[in-house]
Amino acid sequence: MTLLAVENISRSFGSHTALHNISFNVEQGDSFGIIGRSGAGKSTLLRCLNGLEKPDSGRILFCGEDLAALPEKRLVPLRRKIGVVFQHFNLLSSRTAAANVALPLEIAGIAKAQRQKRVNELLDLVGLADHGHKYPAFLSGGQKQRIGIARALAANPVLLLCDEATSALDPETTDSVLALLSDINRKLRLTLLFITHEMDVVHKLGHHVLVLKDGHIAARGTPAEILQNSENSTMPLPDNLSTDAQNGSQAIVRLTLDLKEHPLTPFLIKLEQNTISATILRAQPHQNIEQPAMDVLLHLPAPTEENLSLLNSLARSVEVTGYVTPDL
Ligand SMILES: Nc1ncnc2c1ncn2[C@@H]1O[C@H](COP(=O)(O)OP(=O)(O)OP(=O)(O)O)[C@@H](O)[C@H]1O
């Protein structure tokens, strides 16, 4: 069943068009990712979906109503069905964690005893049953985000919008928050719609993905399809591949990354930090969800022992498949 139907929405700021004729559907129970670089239009799209901004044209059908056309007064009850998780948590520093979670329930006029019961359930759900009395200043980033998630769930939303929910967190905390969101999606059958600029987040959390580029839909599909069809992965293999390493030749390396230990983005950052220049020719995730892994074909201009040994330390397996001579 379709929960959200976005039909041909466009939004401009002066002469700049931030969203061009965007259409997509989100099915109930889906975990739907929108990925794009900075300026692609992700936040503008999210604000439209949240009813905080109106598109210039198009319809946003949610629970049978058009968010793009409703007056503010009629938007309020619909917004309650949408929980939002923010990048910077947006907790009130003067309230305890429990009181932050309770806020949407207070606003909805829920009686105190019922509120407390629900807050306890939610703190338990996000793994912070013993932290309700703490003020945000005494919580770690990951704990703050868990409280943000509990607050977003308080009023029993039917859709959870996550706005770069893990961008402010370190990689380990990111993984645990993504695991929590994935659990919530599976166990509570709650529909997730998240925006991110990281393919790794899409890979771990998304069932379906939309790639936004300069306000246009550049691609859509499952995370695996997006990776396989990305610009990088469709680059042709060099046809002058040779098994002989000659002076000055560059290597084509096939490696398998264990995505739990070395997700793609941190892996690429690590290469950059070690000034290893490499181009991804192809990337193909394995089908086994229990042990997420990905085969990556790299063009490595400097296949020195040092560089290959670093690759070996990061990947499950590394194999030099051949050599190419650079075009001079
Ligand atoms: N209120 C505004 N006034 C003018 N231009 C805007 C406004 N909001 C967004 N834009 C422009 O629209 C384009 C899309 O912005 P948007 O913030 O939606 O992108 P984004 O993908 O979320 O980027 P980021 O990840 O950096 O937030 C950008 O060029 C931005 O400058």
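Starting from 1, each residue takes its place in the sequence as its number. Predicted model, so just to flag it, every value in this text is computed and none were measured. Only heavy atoms go into these numbers, but all of them, side chains included; no hydrogens, no water, no symmetry mates. We count ligands from 1, going down the list as the structure has it; atoms in each ligand are counted the same way.
- Residue-to-ligand polar distances keep A18 apart from ligand 1: every N/O pair is separated by 3.5 Å or more.
- Counting only distance, with no hydrogens or angles, the side chain of S23 and the backbone of N8 share a donor-acceptor pair below 3.5 Å.
- Of the protein's non-hydrogen atoms, F13 CD1, 3.3 Å is the one closest to atom 6 (C) of ligand 1.
- Looking at H197 against ligand 1, nothing comes within 4.0 Å, counting heavy atoms.
- Taking a 4.0 Å cut-off on heavy atoms, G36 fails to register as neighbouring ligand 1.
- With salt bridges taken as basic N to acidic carboxylate O contacts below 4.0 Å, one links R11 and D56.
- Within the 4.0 Å cut-off (strictly below), no protein heavy atom is located near atom 30 (C) of ligand 1.
- Although no hydrogens or angles enter the test, the distance criterion places a donor-acceptor pair under 3.5 Å between the side chain of R79 and the main chain of N50.
- Nearest-heavy-atom check against atom 16 (P) of ligand 1 across L46, T44, D214, L19 picks out T44.
- The pair K204-D175 counts as a salt bridge, with a side-chain nitrogen and a carboxylate oxygen less than 4.0 angstrom apart.
- Taking all heavy atoms of K42, Q87, E53 into account, the minimum distance to atom 25 (O) of ligand 1 is reached by K42.
- The part of R47 lying near ligand 1 is the side chain, judged by heavy-atom distances below 4.0 Å.
- Ion pairing between a basic and an acidic side chain is recognised when a charged N comes within 4.0 Å of a carboxylate O; R74 and E65 show such pairing.
- Listed by atom number, the atoms of ligand 1 under 4.0 Å from R37 heavy atoms are 21 (O).
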